[in-house]
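Note on naming: letters A, B, ... go to the chains in the order of the sequence lines (proteins, then strands), and numbering restarts at 1 for each one.
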Amino acid sequence: MNDSFKAGAREGFFAFLPLSVGLVPWAIVTGVAMRSIGLSPLEAMGMNVIVFAGTAQLGTLPLIATGAPIWLIVLTALVLNLRFVIFSAAMAPVFDGQPLQRRLLSSYLLVDGVFAILSERLLKHPDKHWRWGCFIVPSVWCWALWQAFALVGVLGAGVMPSDWSLEFMATIALMVMLIPMTATRPMLVAAIAGGLGAVLLRGMPLKLGLIAGIVIGILAGFAAEHWSAPRKGASS
Amino acid sequence: MSEGAWLWITLALIGSTTILTRGSFIIPGERARLPAFAHRLLRYAPAAALAALIAPDILLDQGAFDPINPKLLAAMVVIAISLRSRNPWLPFILGMGVLLLMRKGLGW
């Protein structure tokens, strides 16, 4: 652990800390939800450790509860996790020069929040020790927080007030990540198109509307960049 | 419900989708690189993905479009606060405060 690792760890941890608060109610809600479909505490925590992806966990619970065919459950999880292919491609240069076991660990730990808050500074930094510290410390923190508060939900299921809309904290956390990203016009276009696309296509089977919305948003952002670029060039 | 060994097999397969998607480009490392064109496209992925997760939650009520609802108003407050203040805790406090006030206080 050299100074560069520590500096990266400090910057990553404190940048990610406020956002990780939004994870707490989400983890609790997920813990309660897993118990509510009839998983034992051991099975619920097993799922929480093995899957470690809130959206895929919450999305597959209704299917597990109704005894849906295994291929449908796994396909749904895959679709809900598809966005990580995009994150993985964007993040890959961060792990240049790292051994395989660190890449495997990082693949297990990579979550939306760490990507959204830290990817830009991770990709810019030339020192691989700094990058490793800045990625792994907030990621492990996020994992521990997720497991601890899911356990609170698993053990406290039935005692929690279910009418406090606590799950909305997760949406607020997503918004807190999104808003700073939309400072440029193409990014704002991508967000608006992605959001409206997901709403309008919500009727598509297997939650494919979410994937379709993301693709629409990406293409809209790219198109906006393309069309605004020549004008910018002409005026300067 | 899926029972016993089948449940654990199901959970392991769900978990494998997490590792496979998150590791798709991180695990092969330098051997797998996206073309520059794809990278330019992918810069918009996080914003599009976050918005696609958020919008249905704040614009829909029980699956139907609802342009005036407590969650959307709370979301407006979150946006206004995030643009004006750098305090990282305020969006959570005020957003939940507004939602609970409307749901519990006004019975909306």
Side-chain angles (χ1 to χ4, degrees), chain A residues 18 21-22 38 43 46-47 50-53 56 60 64-65 67 70 73-74 77-78 81-86 88-92 95-96 103-104 106-108 110 115-116 165 168-169 171-172 174-179 181-182 187 190-191 194-195 198-199 202 210 213-214 217-218 221-222, chain B residues 1-2 6-27 29-30 32-34 38-60 63 65 71 74-75 78-79 82-83 88-89 91-92 95-96 99-100 103:
Chain A
V21 176
E43 289 164 347
M47 180 184 210
I50 294 170
V51 180
F52 187 53
T60 52
I64 295 173
I70 203 162
I73 298 175
V74 176
L78 183 65
N81 279 332
L82 264 186
R83 67 188 186 285
F84 289 124
V85 174
I86 295 165
S88 186
M91 285 285 275
F95 303 99
D96 276 352
R103 292 169 188 270
L104 285 169
S106 305
S107 300
Y108 170 66
L110 178 66
F115 175 76
S165 312
F168 192 64
M169 294 273 280
T171 302
I172 297 179
L174 297 175
M175 293 179 71
V176 169
M177 293 189 246
L178 175 61
I179 291 163
M181 284 184 196
T182 56
M187 282 290 178
V199 168
R202 64 185 178 277
L210 178 68
I214 294 173
I218 291 171
F222 189 70
Chain B
M1 198 184 86
S2 315
W6 275 113
L7 177 69
W8 287 101
I9 291 168
T10 307
L11 295 183
L13 287 172
I14 297 173
S16 73
T17 71
T18 308
I19 295 269
L20 284 177
T21 52
R22 288 180 184 166
S24 53
F25 284 87
I26 290 176
I27 292 170
E30 282 102 69
R33 275 288 187 263
L34 277 176
H39 256 291
R40 281 183 66 203
L41 277 176
L42 290 180
R43 283 199 298 137
Y44 297 102
L50 289 171
L53 287 167
I54 295 164
D57 191 41
I58 60 176
L59 288 175
L60 303 177
F65 184 66
K71 280 184 177 175
V78 170
I79 293 171
S82 300
L83 292 175
W89 313 102
F92 291 99
M96 287 309 295
L99 183 66
L100 285 176
R103 284 247 167 102

* To do: Could you check which of A:G217, A:S106, A:A116, A:S107 has the highest count of heavy-atom pairs closer than 4.5 Å to chain B?
  =>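 Among the listed options, the one with the most contacts to chain B is A:S107.
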
* Asked: When heavy-atom pairs shorter than 4.5 Å are enumerated against chain B, which of A:G46, A:A90, A:A92 gives the highest number?
  ->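 Highest number of heavy-atom pairs under 4.5 Å: A:A92.
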
* side chain to side chain contact (heavy atoms under 4.5 Å, CB included) between B:I14 and A:L78: does it pass, once the steps are laid out? -> CA-CA 7 Å; B:I14 297 173; A:L78 183 65; over 6 Å; no

* To do: Give a yes or no on whether the backbone of B:A49 and the side-chain of A:R83 come within a donor-acceptor separation of less than 3.5 Å.
  => no

* To do: Check for a donor-acceptor pair, side chain of B:R22 on one end and backbone N or O of A:S88 on the other, with a separation under 3.5 Å.
  =>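 Between the backbone of A:S88 and the side chain of B:R22 there is no qualifying donor-acceptor contact (under 3.5 Å).
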
Inter-residue atom distance [X].[atom1] - [Y].[atom2], 0.5 Å rounding:
{"X": "B:T21", "Y": "A:N81", "atom1": "OG1", "atom2": "CG", "value": "4.5 Å"}
{"X": "B:T17", "Y": "A:L82", "atom1": "OG1", "atom2": "CG", "value": "9.0 Å"}
{"X": "B:Y44", "Y": "A:I86", "atom1": "OH", "atom2": "CD1", "value": "14.5 Å"}
{"X": "A:T171", "Y": "B:M96", "atom1": "OG1", "atom2": "CE", "value": "9.5 Å"}
{"X": "B:W6", "Y": "A:I73", "atom1": "CH2", "atom2": "CD1", "value": "10.5 Å"}
{"X": "A:T60", "Y": "B:L13", "atom1": "OG1", "atom2": "CG", "value": "11.5 Å"}

* Do A:E43 and B:W8 come within less than 4.5 Å of each other through their side chains, counting heavy atoms only? ->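 Side-chain contact under 4.5 Å: yes.
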
Select, from [options], the one with the greatest count of heavy-atom pairs under 4.5 Å involving chain A.
{"options": "B:G29, B:G95, B:A12", "value": "B:G29"}
{"options": "B:L100, B:L83, B:V78, B:L20", "value": "B:V78"}
{"options": "B:A47, B:P91, B:S82", "value": "B:A47"}
{"options": "B:G63, B:A74, B:S16", "value": "B:G63"}
{"options": "B:L41, B:I9, B:L99", "value": "B:L41"}

Return the minimal non-hydrogen interatomic distance between [X] and [Y], and the atom names on each side.
{"X": "B:I26", "Y": "A:R103", "result": "O-NH1, 2.9 Å"}
{"X": "B:A51", "Y": "A:A191", "result": "CB-O, 3.0 Å"}
{"X": "B:D57", "Y": "A:F168", "result": "OD2-CD1, 3.7 Å"}
{"X": "B:T18", "Y": "A:A53", "result": "OG1-CB, 4.1 Å"}
{"X": "B:A52", "Y": "A:I214", "result": "CB-CG1, 3.9 Å"}

* To do: Answer with side chain, backbone, both or neither: which region of B:L53 has an atom nearer than 4.5 Å to a non-hydrogen atom of chain A?
  =>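 Interface part for B:L53: both.
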
* **Interface moiety of B:I79 toward chain A, non-hydrogen atoms closer than 4.5 Å** => both

Atom group of [X] that falls short of 4.5 Å from chain B, counting heavy atoms:
{"X": "A:I179", "value": "side chain"}
{"X": "A:I70", "value": "side chain"}
{"X": "A:F115", "value": "side chain"}
{"X": "A:M181", "value": "side chain"}

